[in-house]
Amino acid sequence: MNTFYITTPIYYVNGEPHAGHAYTTIVSDVLARYHRIKGDQVFFLTGVDEHGANVHKVAENAGLAPQAYCDKMTPIFTELWERLNISHDIFLRTTSDMHKRGAKKFLTALYDSGDVYKAPYEGYYCRPCERFVPEKELTDEKICPIHKLPLEWIEEENYFFRLSKYQDRLLAHIHENPLFIYPESRRNELLSVLDSGLEDISISRSSVSWGISLPFDPEHIVYVWIEALMNYMTALGYETDNERYHTFWPANVHMMAKDITRFHALIWPAMLMAIDLPLPKQIVAHGWLTKDGEALSKTRGIVIDMDTDIETYGLDAFRYYLLREFSFGNDGDYRPTRLHERYNADLANDLGNLLNRVLGLLNKNFDGIPAPTTPGEFDDEVKEMAQTTVDKLDEHINAFAFDSALETIWEFVRRVNRYVQQTEVWTLAKPETKPRMGTILYNSLEALRFVSVLISPFIPDTAEKIQKQIGLAEFDTVADWGRLPVDLKVSKGEPIFPRVDLKKEKAPQPKASKPKQKSKETNLISFADFQKLDLRIGNIISAEPIEGADRLLKLQVDLGTEKRQVVAGIAEHYKPDVLIGKQVIVVVNLEPATIRNVESHGMILAASGDSVVLATPETEVPLGTQVK
RNA sequence: GCCGGUGUAGCUCAGUGGUAGAGCACACGACUCAUAAUCGUGCUGUCCGGAGUUCGACUCUCCGCACCGGCACCA
């Protein structure tokens, strides 16, 4: 028996899951389910990454201990996967004992390989960021570009992994295994990264506390990214070297979004090479989802409202749309109207209606599924197409072409609709033609059983509904023609995809999806804190662009008693000349900063969501008036 | 400013060095078993622009334009 081990990344719990996570996981789910119906022994891993400075910080902001924070966030992921009907075999948490023990074993092996060494690491360090600020981000003042606080010069000992040593072997492996990194665009990208040379990487942090300590030096915590990669092995039970681990490693597919391929396709294989373990077969990257053409961004309010669409059209319609509409590997634009069109055209009209008309005819004329006694025109054609559809589907799935896979299945669905049409089966109820009628209905229903098997990896609930309506007691996963039993009692046929009328649906769609209530308790500040702000009314007296910066404008603001130069990131929304003469609110006691070599003494307040709009007093007021 | 992607029918997108494709939408016809469903026929294209390579380019190369994304930058 073949085995098939597929993984999603373990998702970072410093934020809630969004449609992108859902896409990765659904796609992986399809592969897992597909291999199961082929009879492969499947292991499907997903989970969460709970360690690292970021989680620590977010937890702190929320007033929680890191573990308590993780315990709160993790269920949000598991609940979403349940709602999306994800069939993972394990959900791994990196705070679990299993993972920690496995990671330590892995780290020990890595250390024993001799490719881990200790070396001083020095540079300018920002405490709040918990990171060294790279050379290119440094300014003359040596302040953190994010926090604007003075940086510390730190020299600390860190552990490094000798990644550079594996450059040639990686290159050779990628060349010898053309499908190792998929799709090709990503492969080329990483080949060019390899061409430009690999540097050894730091794998530990001594300044971070929330994580797993190095077994060979407990003062140091393993860098969260390095630790996360090991999950693909620890989830199998690597630390106990058990049967599951030996059965499933190496993984067949590491599925992920395109932004994290470097870690998976270079660093991870190199680490495995170091400890002489087999490499995963394929690193597979899909594109990003966009919404109406724009990248998803929580801060800009560009989000995909999965809940609403799932509620309106059902989970399977949502899964179908994602899989059918997006060409794998490329970015795909999510549009609710397209989902609507797909739902009605493909699911309701083509498939749902086909099932319904066949069941209707059968119920009206027969008592149970008739035997196929009377072959005739078109029968063989349908039968053959059923088989070729199975073969084509396999090719498409192996190439991650889920859109083509579904298109192939739907070509067959349309063929069956045509079969019913061509044979005019509804005219054959007379006694002398009734055996032929029964045969055609048997074939049609058997075709639908085929379809239900083939779509089951994509839209599992629908597949089950179809088989249930056909009268099968247990889900049949075998795509061999003629398995449909005779005499089964079919159901009367409730539409599995009732048409959704767009006009009706518009009514209860007042776009008042409540703007997420930010966890209010956690972000409260005291009145004293607020009083620290010195806000004043100023008048913009000049505005000009700053060279080399798309978003910045240099403003001169008259505060009555003094004039200030302020840099504002509003160039994309305001032309300089329209600003002149405008009254604005200025934070005057903000510490000065140098941005793009221009000094800024203060900050202009503006509403910044999807667009940026300056906050101005409702009527003109004297310059320098305090705002509170 | 740097890096990358995209530009093909009204819409969403496939695609190939040799006379342009699918689905949806649209029009007309057939049918009436079925969820205003199904089936058939038809329709539209300077394949972003320019130059080059070639017997021949939508397909390869170069230059440009537009849009998108990432990074820089957002006090």
Side-chain angles (χ1 to χ4, degrees), chain A residues 134 136-137 143 145-148 185-186 188-189 192 258-259 287-288 290 292-297 299 321 324-327 329-333 335 337-342 344-365 401 403-404 406-407 410-411 413-429 437 440-441 444 493-501 546-553 566-573 586-606 608 612:
Chain A
K136 60 180 180 185
E137 292 179 29
I143 55 174
I146 295 162
H147 296 89
K148 300 301 169 201
S185 51
R186 296 270 96 71
N188 292 338
E189 191 179 293
S192 80
K258 65 185 182 183
D259 50 337
W288 287 331
T290 58
D292 296 323
E294 293 193 90
L296 299 184
S297 156
T299 53
Y321 170 67
R324 173 66 185 86
E325 191 88 349
F326 301 129
S327 80
N330 299 324
D331 292 357
D333 196 30
R335 298 188 183 200
T337 55
R338 294 290 300 165
L339 168 57
H340 175 84
E341 287 168 12
R342 283 284 174 200
N344 276 343
D346 295 0
L347 297 176
N349 294 355
D350 287 346
L351 179 59
N353 181 57
L354 173 62
L355 176 68
N356 209 236
R357 69 195 296 211
V358 173
L359 289 180
L361 281 164
L362 210 143
N363 275 318
K364 198 175 291 182
N365 297 288
D403 55 338
S404 310
L406 285 169
E407 171 62 15
W410 253 256
E411 276 170 20
V413 171
R414 286 192 281 270
R415 179 66 191 89
V416 180
N417 259 322
R418 197 159 73 243
Y419 177 62
V420 173
Q421 202 72 25
Q422 286 171 316
T423 55
E424 297 190 342
V425 61
W426 57 89
T427 63
L428 303 176
M437 181 187 213
I440 294 166
L441 291 179
S444 304
E494 287 296 312
I496 51 175
F497 293 111
R499 272 185 71 91
V500 174
D501 188 349
I546 293 172
E547 204 177 325
D550 295 348
R551 309 166 89 147
L552 303 180
L553 289 180
V566 176
V567 174
I570 56 173
E572 289 173 314
H573 303 88
V586 184
V587 185
V588 295
N589 62 339
L590 195 65
E591 60 184 24
T594 303
I595 302 141
R596 218 63 202 181
N597 289 327
V598 179
E599 281 184 37
S600 180
H601 301 271
M603 170 174 168
I604 308 286
L605 293 189
S608 43
V612 169

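Note that this is a predicted model, so its numbers are computed, not measured. The chains referred to below are lettered A, B, ... by the order of the sequence lines, with proteins before strands, and numbering in each begins at 1.
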*For A/Val567, which contact category applies under a 4.0 Å heavy-atom criterion: base, sugar-phosphate, or nothing?*
sugar-phosphate
*Of A/Asn417 and A/Asp403, whose nearest nucleotide on RNA chain B comes first from the 5' end?*
A/Asp403
*When you check the phosphate oxygens OP1 and OP2 of B/G23, does a side-chain N or O of A/Arg342 lie under 4.0 Å from one of them?*
no
*Is any side-chain N or O of A/Arg338 closer than 4.0 Å to OP1 or OP2 of B/C11?*
no
*Are the side chain of A/Asn344 and the backbone of A/Val500 linked by a donor-acceptor contact shorter than 3.5 Å?*
yes
_Side-chain N or O of A/Asn349 versus OP1/OP2 of B/U38: is the shortest distance under 4.0 Å?_
yes
*asked:* Taking the minimum atom-to-atom distance to the side chain of A/Glu407, which one of B/C33, B/U12, B/A22 wins?
replied: B/A22
_Just to be sure I understand the rule, does A/Asp350 reach a base, reach only the sugar-phosphate, or reach nothing, if contact means heavy atoms closer than 4.0 Å?_
sugar-phosphate
*Using a heavy-atom cut-off of under 4.0 Å over every strand shown, decide if A/Glu325 touches base, sugar-phosphate, or nothing.*
sugar-phosphate
*Determine the interatomic distance between P on B/C2 and the same-named atom on B/C63; round to the nearest Å.*
14 Å
*Please state the P separation for the pair B/C3 and B/G64 - nearest whole angstrom.*
12 Å
*Which whole number of Å gives the distance between the C1' atom of B/C58 and that of B/G17?*
10 Å
*Can you tell me the Watson-Crick or wobble partner of B/G45, both distances under 3.5 angstrom?*
none
*Please report the shortest heavy-atom distance between A/Leu355 and A/Ile496, naming the atom on each side.*
CD2-CD1, 4.1 Å
_To the nearest 0.5 Å, what is the distance between CG on A/Leu361 and CD1 on A/Ile440?_
10.0 Å
*Distance-only donor-acceptor test (3.5 Å): side chain A/Asn356, base B/A34*: no
*Could you tell me whether the side chain of A/Gln421 has a donor or acceptor atom within less than 3.5 Å of a complementary atom in the base of B/U38?*
yes
*asked:* Could you tell me how far B/G50 sits from B/A14 if I compare only their C1' atoms? Round to whole Å.
replied: 27 Å
_Nucleotide forming a Watson-Crick or wobble pair with B/G56, both distances under 3.5 Å_ = none
*Counting side-chain heavy atoms from CB outward, which of B/A34, B/U12, B/C31 is closest to A/Arg357?*
B/A34
*Taking the side chain of A/Arg414 as heavy atoms from C-beta outward, which of B/G23, B/C33, B/U35 is closest to it?*
B/G23
*Assigned partner base of B/U38, Watson-Crick or wobble definition, under 3.5 Å*: B/A30
*Between B/U35, B/A22, B/C74, which nucleotide gets closest to the side-chain atoms of A/Leu552?*
B/C74
*Rounded to whole angstrom, note down the C1' distance from B/U12 over to B/G7.*
14 Å
*C1' spacing across the pair B/G23 / B/U19, given as an integer number of angstrom*: 24 Å
*Looking only at side-chain atoms of A/Arg418, point me to the closest of B/G40, B/C31, B/U35.*
B/G40
*What heavy-atom pair brings A/Asp403 and A/Arg324 nearest, and what distance separates the two atoms?*
CB-O, 3.2 Å
*asked:* Quick check: on RNA chain B, is the nucleotide nearest A/Val358 upstream (toward 5') of the one nearest A/Ile604, or the reverse? Name the residue that is more 5'.
replied: A/Val358
_A/Glu341 and A/Arg338 ion-paired at < 4.0 Å_ = yes
_Phosphate OP1/OP2 of B/A37: any A/Arg499 side-chain N/O under 4.0 Å_ = yes
*Does the A/Tyr321 side chain pair with the main chain of A/Arg335, one donor and one acceptor, at a distance under 3.5 Å?*
yes
_Taking the P atom in each of B/G29 and B/A34, what is the distance between them to the nearest angstrom?_
23 Å
*asked:* Distance check, P atoms only: B/U8 and B/G4, in whole angstrom units.
replied: 22 Å
